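In what follows, every heavy atom counts, from backbone to side chain, and hydrogens, waters and symmetry copies are set aside. Numbering of ligands and ligand atoms starts at 1, following listing order. These numbers come from a predicted model, not from an experiment.
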Amino acid sequence: MKAKQHLAIALAGNANVGKSAIFNQLTGLNQIVGNWPGKTVERAEGKLFFHGYTIHVIDLPGIYSLSTYSMEEIVSRDYIAVERPDVIINVVDSSALERNLYFTLQLLELEAPIIIDLNQVDFAAKKGIRIDTGKLSTTLGIPVIPTVATTGTGVEELLLGVICVVEGKAQLKPLKVKYGKEIESRLEKIESLVQEKVPHLCEIYPSRWTAVKLLERDPDVIGKVQRYKEGNEVVSLAEASAIEIEKIHGENSPVIMASERYRIANSIIKDAASIIAPPQLTLEEKLDEITAHKIFGYPILVAIMVAMFALIFVGGDFLTRGLEVIFDDILIPTIANVLLTVLPSTIVDIVCGGIISGISAGVTIALPYIVPFYILLAILEDSGYLPRAAFLMDNLMHKIGLHGKAFIPLMLGYGCNVPACIGCRIMETERERFLAGFVTVLIPCAAVTVVILGLVGRYVGLHAALALYVFDLILILVLGRLAYRALPGEPVGLIMEMPPYKKPSPKNLLLKTWSRTKDFVYIAFPLIIAGSVVLESLSVAGLMQPLADLMNPVITGWLGLPPESGIPLTFGILRKELTLILLSELVSPKTLPQALTATQMIVFSLVTMIYIPCIATVAAMIREYGWKRALAVTVLDILLALLLGGIAFRLLPS
Ligand SMILES: Nc1nc2c(ncn2[C@@H]2O[C@H](COP(=O)(O)OP(=O)(O)OP(=O)(O)O)[C@@H](O)[C@H]2O)c(=O)[nH]1
Ligand SMILES: [Mg+2]
């Protein structure tokens, strides 16, 4: 059937309720889904066709309320009010209805056309929560459709619901949120002043909503109103009214408004939901108790981290050895022999030494460590362990002026610094976001792990590799502390919900690992091959020596590394695993342990770990923090790497 019409629908709701899981079901795309709040930081868009409609779906970042606590909240709120999607699907976690309805009430105040996706009904049922969908729908005056995003149950009904709303077939009588009398009388006055003094703003935001936000002293809305000439008058009236209701209630006005909304949410739930089974401590809850325990939690955290790296090391080492036999001993010589029969030997050198050994190095050195790493990281993400780790790390993070939540981007940084750097948007203030980004780019990503485990772990020992990771953490604490001194300010309190533990879905694990590996292959392999071809051509052209001589004072004189290391380290700016891959190509036919001493391997890895985050991370930093800050961080990291590398060379036994 030909598409009749275009529709825009947006998925909005609290963090970690399953918006992206629904989005993936609707669009067949592969947005990151995981069990910790704050994964989606930028809106994602997708498309589907349904009943003759072309439906554009937007996955919004999760929010706790529509008050301005962080960037993603303003993004979502402005999107809803300004761009006005045809329908907003408010995804709700049915196992935490109260907190979720609080958000729903705010959406209703924005007077947006909404339908409720009562998601995670399977999980709620497990907790013994039963929700009367019909009653909930009647009370709220909007359609309510139960779904299970992980399996796709109810998704079709959800779309039918959307169409009903669009075609005007659904009977909508959205609930009007009513506050106490003393508040309502004042709201009325503020609202009419809003209509009178800032009529243009009323074209974008409902006047009652603006009045409510002004009474709550929402800084963003105050700013918006004050942009108009007569806006100050409105703000003054709202402020005077806020002071009056504060006198009556003896609380701050935002607190008063929030507790009013909770009162309403509560009374709705009392009507529509019931707990049928007495709560018992499930396995997941027991697990929660010990892993977030204030004493036992820490050894468990350390054990998990060490076990994770040991496992990646053992698995990676095993795979590397196997693949090396296949590629280096069988495949490459065979291909070279075949090519030599048809091509001149210089070209065969470039093809075999460049392209084929580039691919072989990528496959044998990088993939064996990266794939197990991505799988384990996905398990940590999907089980719900990350926020527990963040909770445990709260104290330590405060020492560097951040709160525990920053630990989540830090952990993700071990996978790749780019999403981790963007993920720092979950921090509440601009200052914290930058601080978190600054320390996040110092985390050794999967590519650096390839170098650390594939070089130091493999030839010096796992203890030395782990020591590098520990050293990195200490460095982060020290630098974080220094940066905190330079950028003073107190971290705001930790506002993060603790999602329940969930059994990771194998399908999601595989999808996520596959999509990350795919990204890696698509981005890294062309670079690895190009790098290898350039190296091989340089050496065929006899340019290798002059270049090495140029870098000699720093590489050999200061860092004590073999002269061949300079060029791989330069290429590492593109991708960090290139350093090891190109080095191993350059020193052949010698093997790495013949070419480098243990100390040289450690210095080489240390420099790779700290110096300039790769080019993709620099680009992410420029986008997030502007080029000045990105440049400052980059220069600082390079100097630091050289400084520490030189010191390590002098301190370690040669
Ligand atoms: N049991 C169950 N789990 C679900 C369901 N929907 C989502 N989940 C899980 O809930 C977690 C959060 O899902 P996401 O789709 O990432 O949530 P989100 O709302 O996009 O989260 P943010 O982007 O962080 O705001 C994941 O671990 C999902 O596997 C559901 O219907 N049932
Ligand atoms: Mg999401």
| Can the positive tip of Lys502 be found less than 6.0 Å from the middle of the six-membered ring of Phe123, inside 45° of the ring normal? | yes
| task | Please determine if Arg388 forms a cation-pi arrangement with Tyr501, meaning its NZ or CZ atom is less than 6.0 Å from the six-membered ring centre and no more than 45° off the ring axis. | result | yes
[X]: numbered ligand 1 atoms lying under 4.0 Å from its heavy atoms:
| X | value |
| --- | --- |
| Ala15 | 25 (O) |
| Ser20 | 15 (O), 18 (P), 20 (O) |
| Ala149 | 6 (N), 30 (C), 31 (O) |
| Lys502 | 3 (N), 4 (C), 8 (N), 9 (C), 10 (O) |
| Gly62 | 25 (O) |

If you measure every N/O of [X] against every N/O of ligand 1, is any gap under 3.5 Å?
| X | answer |
| --- | --- |
| Pro61 | no |
| Phe123 | no |
| Thr147 | no |
| Val121 | no |
| Val33 | no |
| Asn508 | no |

| message | Pair Asp93, Arg99 - check salt bridge (Lys or Arg N to Asp or Glu O under 4.0 Å), show working. | response | CA-CA 9 Å; Asp93 173 359; Arg99 180 160 32 83; 5.5 Å; no
| Heavy-atom nearest neighbour of atom 1 (N) of ligand 1 within options Asp122, Asn16, Asn24 | Asp122
| Short N-O contact, Asp394 and Lys399, less than 4.0 angstrom | no
| Would you call Lys126 and Asp122 a salt bridge, taking side-chain N to carboxylate O under 4.0 Å as the test? | no
| said: One pair to check against salt bridge (Lys or Arg N to Asp or Glu O under 4.0 Å): Lys127 and Glu284. What are the steps and the verdict? | reply: CA-CA 11 Å; Lys127 282 172 73 177; Glu284 285 88 348; over 6 Å; no
| Any Thr150 heavy atom less than 4.0 Å from ligand 1 | yes
| task | Answer yes or no: is there a side-chain heavy-atom contact under 4.5 Å between Ile114 and Val87? | result | no
| Heavy-atom nearest neighbour in the protein, as seen from atom 19 (O) of ligand 1, with distance rounded to 0.1 Å | Lys19 NZ, 2.6 Å
| query | Of all the atoms in Gln31, is at least one N, O or S atom closer to the Mg ion (ligand 2) than 2.8 Å? | reply | no
